[in-house]
Amino acid sequence: MEVVILGSVDDVDRTVADVVESVVRAGPAVLGLATGSTPVGAYTELARRHREQDLSFARCTAFLLDEYIGISTESEQSYFTFIRDNFVDLVDLDGASVFSPDGEAADIGAEARRFDSAIADAGGVDVQILGIGSDGHLGFNEPGSSLRSRTRVKTLTEQTRRDNARFFATPDDVPHHVLTQGLGTICEARHLVLIATGAAKADAVAAAVEGPLSAFCPASAIQWHPHVSVVLDESAASKLKLADYYRYAYEQKPSWQSL
Ligand code: PGA
């Protein structure tokens, strides 16, 4: 696990874009896209590189982490719409190659299994972008999630519903249930890139990176993974006990070694 602490949110966005760009330029890539506000800057930077530096996503496939139950894919509040508006429509990624769990499927259990199989059939995710919830969730794996869980239904915590109320007309409109990739599913991606910015994420980041591996902080599941980059601004890193060591290790990183 590599913890990268950077001086500004712009630096975070550029660094995450660098990781995605190198995977995309290497060949047909399977991208794991996170929704939420945190990765939007990195998506904007990737879109700029698409426009100005010939970065093409035409051969990519993408999978989303999660979707609300009872919200149609086409609805304004769906995560599919969010990623379409904030990334897919800004680049040359074919919308037909972007997959999200169907939160309106008649048989949600079957849909969850189908989604896991679709990721496997695509060859697995090359690079998975991740945000982190203020309660430590990863995807929508709320506290108490099995560390080896597969895609399934989860009930959102009140904290998460409050955090996401800004995307809905009223807080009561935030659904209670979601279909989310499990922690086991997420951890099958070959490279996890967890992004956090702002002081509101500092406790969750500290618990995920330095706390015990525990279902109480689902994002701590990243500690199992052999290739994780945690990319933070100073505020999000402010509760890390080993922050100075992470900075030093990053400065000493051999020039030939990428994240
Ligand atoms: P945010 O959400 O990026 O909007 O803070 C992150 C998350 O809930 O995983």
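Atoms within each ligand, like the ligands themselves, are counted from 1 in listed order. Small disclaimer: the values here were computed from a predicted structure and weren't measured.
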Quick one: pull up CD in Glu142 and CZ in Phe216 and give me the separation to the nearest 0.5 Å.
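The distance works out to 12.0 Å.
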Numbered atoms and elements of ligand 1 in range of [X], under 4.0 angstrom, heavy atoms:
| X | result |
| --- | --- |
| Gly133 | 7 (C), 8 (O), 9 (O) |
| Gly131 | 9 (O) |
| Gly36 | 3 (O), 4 (O) |
| Thr38 | 1 (P), 3 (O), 5 (O) |

Any idea how Phe57 and His50 line up, ring-wise: parallel (<30°), tilted (30 to 60°), or perpendicular (>60°)?
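Phe57 vs His50 ring planes: tilted.
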Can you tell me how the ring of Tyr79 sits relative to the ring of Phe82, calling it parallel under 30°, perpendicular over 60° and tilted otherwise?
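Correct class here is perpendicular.
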Between Asp116 and Arg113, is the closest basic N to carboxylate O distance under 4.0 Å?
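Asp116 and Arg113: not salt-bridged.
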Ignoring hydrogens and angles, tell me if any N or O in the side chain of Asp233 forms a donor-acceptor pair with the backbone of Val9 under 3.5 Å.
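No, because the side chain of Asp233 does not come within donor-acceptor range (under 3.5 Å) of the backbone of Val9.
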Is there a donor-acceptor pair under 3.5 Å between the side chain of Glu45 and the backbone N or O of Asp10?
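Side chain of Glu45 to backbone of Asp10: no pair is present.
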Considering only the protein, which heavy-atom contact is closest to [atom], and what is its distance?
| atom | value |
| --- | --- |
| atom 9 (O) of ligand 1 | His137 NE2, 3.4 Å |
| atom 5 (O) of ligand 1 | Lys201 NZ, 2.6 Å |
| atom 6 (C) of ligand 1 | Ile132 O, 3.5 Å |

Checking side-chain polar atoms at under 3.5 Å, does Asp18 have a donor or acceptor matched by the opposite partner on Thr15?
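Per modelled atom types, Asp18 and Thr15 side chains form no pair under 3.5 Å.
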Mind checking whether Asp163 contacts ligand 1 via backbone (N, CA, C, O), side chain (CB onward), both or neither, at a 4.0 Å heavy-atom cut-off?
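For Asp163, there is no contact with ligand 1 at all, from either part.
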Is there a polar contact, in the sense of an N or O pair closer than 3.5 Å, between Thr35 and ligand 1?
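No.
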